[in-house]
Amino acid sequence: MTDLIDKRPNFYGFGGLDRSAHVREREGWLDELLERADTRLVLVWRTRSFVLEVEDAAPRAAMLPAGEHRHLVAHAESVAFLGELDGIAHVALDLSPVEEPDLQLLTATHGGFTDLRRIGPLLERFEGSLLAYARGLLWWHQRHRFCGVCGHPTRSVKGGHQRSCTNEGCRAPHFPRTDPAVIMLVHDGERCLLGRQKIWPDGMYSTLAGFVEPGETLEEAVAREVWEESGIHVRMVRYHSSQPWPFPSSLMLGFHAEAKSFDIVRNDDELGDAQWYTAEDLANFAAMGKFLPRRDSIARRLVQDWVESVRPDLYDAVDAVPSAYPVRTT
Ligand SMILES: [Zn+2]
């Protein structure tokens with residue numbers, strides 16, 4: 001991955017997985033993978049991921065070997081191939097139809113189902129990316145059980161990477177959906193523009209963001225969202241990096257942009273507050289009772305990289321500012 005971009009990938013991104021798209025076509029191939037004893041099962045239950053949390057240690061993805069847990073496949077609503085790492089296949093199972101009490105045998109011995117948003121930043125990067133991938137793909141299956149063209153049921157094909165309409169007169173293919181969203185750090189050389197949504201925890205500030213609309217370029221979406229939310233005009237919109245964000249199905253496309261106007265005219269429907277902050281302000285955020293975005297988010301990366309470009313001496317101080325979303329460590 002490091003040869004694809006000049007810095008390490010954002011959290012939930014991992015380039016080392018062989019997605020084997022060329023063999024997903026073959027009928028029966030997924031069944032063969034599930035017969036392999038070393039295939040790893042990545043379990044999801046109603047948007048929650050299966051993890052092992054042990055006191056005084058970082059949580060781990062609880063991936064189960066198919067050899068001992070093949071019976072789980074029969075209970076799965078959806079089965080989707082994720083990819084291979086070092087020759088070992090990883091297959092996602094959606095156990096949502098199983099009622100909670102019936103999961104007890106599993107959860108008592110191997111881990112528990114929890115919201116990835118709560119423990120994501122504490123996971124090892126490959127495991128975090130795999131759980132995010134599984135969650136996003138299975139969420140799509142959960143919500144595309146019927147054809148959007150004719151209303152008939154759909155069925156999963158191609159290793160869980162497509163659904164096809166079962167109505168012979170329709171047979172429309174449906175592909176996993178990823179919604180592009182732009183997220184941008186706007187700056188004027190000395191200050192950066194951060195805002196907060198009213199529903200966020202008190203004191204939490206982040207970069208502006210919004211969904212790309214049909215017919216827009218990414219650069220236009222950046223300029224429009226910044227204008228709509230803050231009344232600021234921007235120029236020099238420059239791509240930074242991207243991040244899968246399966247909560248539930250976004251791809252965050254990160255940008256830095258230069259402000260060409262500076263008076264904030266806030267859209268009260270969108271933001272509760274928006275302010276210009278210098279790197280020094282950010283370094284003092286904790287003392288001001290303010291918080292920065294969570295560490296696994298591209299928003300935090302955009303802020304940190306901007307601080308590094310203008311005041312590298314303050315990078316560590318800004319890095320130490322807590323997020324408003326504390327994660328439990330035990
Ligand atoms: Zn159809």
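We count ligands from 1, going down the list as the structure has it; atoms in each ligand are counted the same way.
In this model, no donor atom of one side chain and acceptor atom of the other lie less than 3.5 Å apart for His141 and Asp94. A donor-acceptor pair shorter than 3.5 Å cannot be found between the side chains of Gln104 and Asp102. Judged purely by distance below 3.5 Å, without hydrogens or angles, the side chains of Arg163 and Thr154 pair a donor atom with an acceptor atom.
With sequence neighbours left out, Arg235 forms a salt bridge (charged side-chain N to carboxylate O under 4.0 Å, His left out) with Glu258.
Between Arg295 and Asp319 there is a salt bridge, since at least one side-chain N of the basic residue sits less than 4.0 Å from a carboxylate O of the acidic one.
Under 2.8 Å from the Zn ion (ligand 1), one finds the following protein N/O/S atoms: Cys147 SG, Cys150 SG, Cys165 SG, Cys170 SG.
There is a path of hydrophobic side-chain contacts, each under 4.5 Å, that joins Leu43 to Val73.
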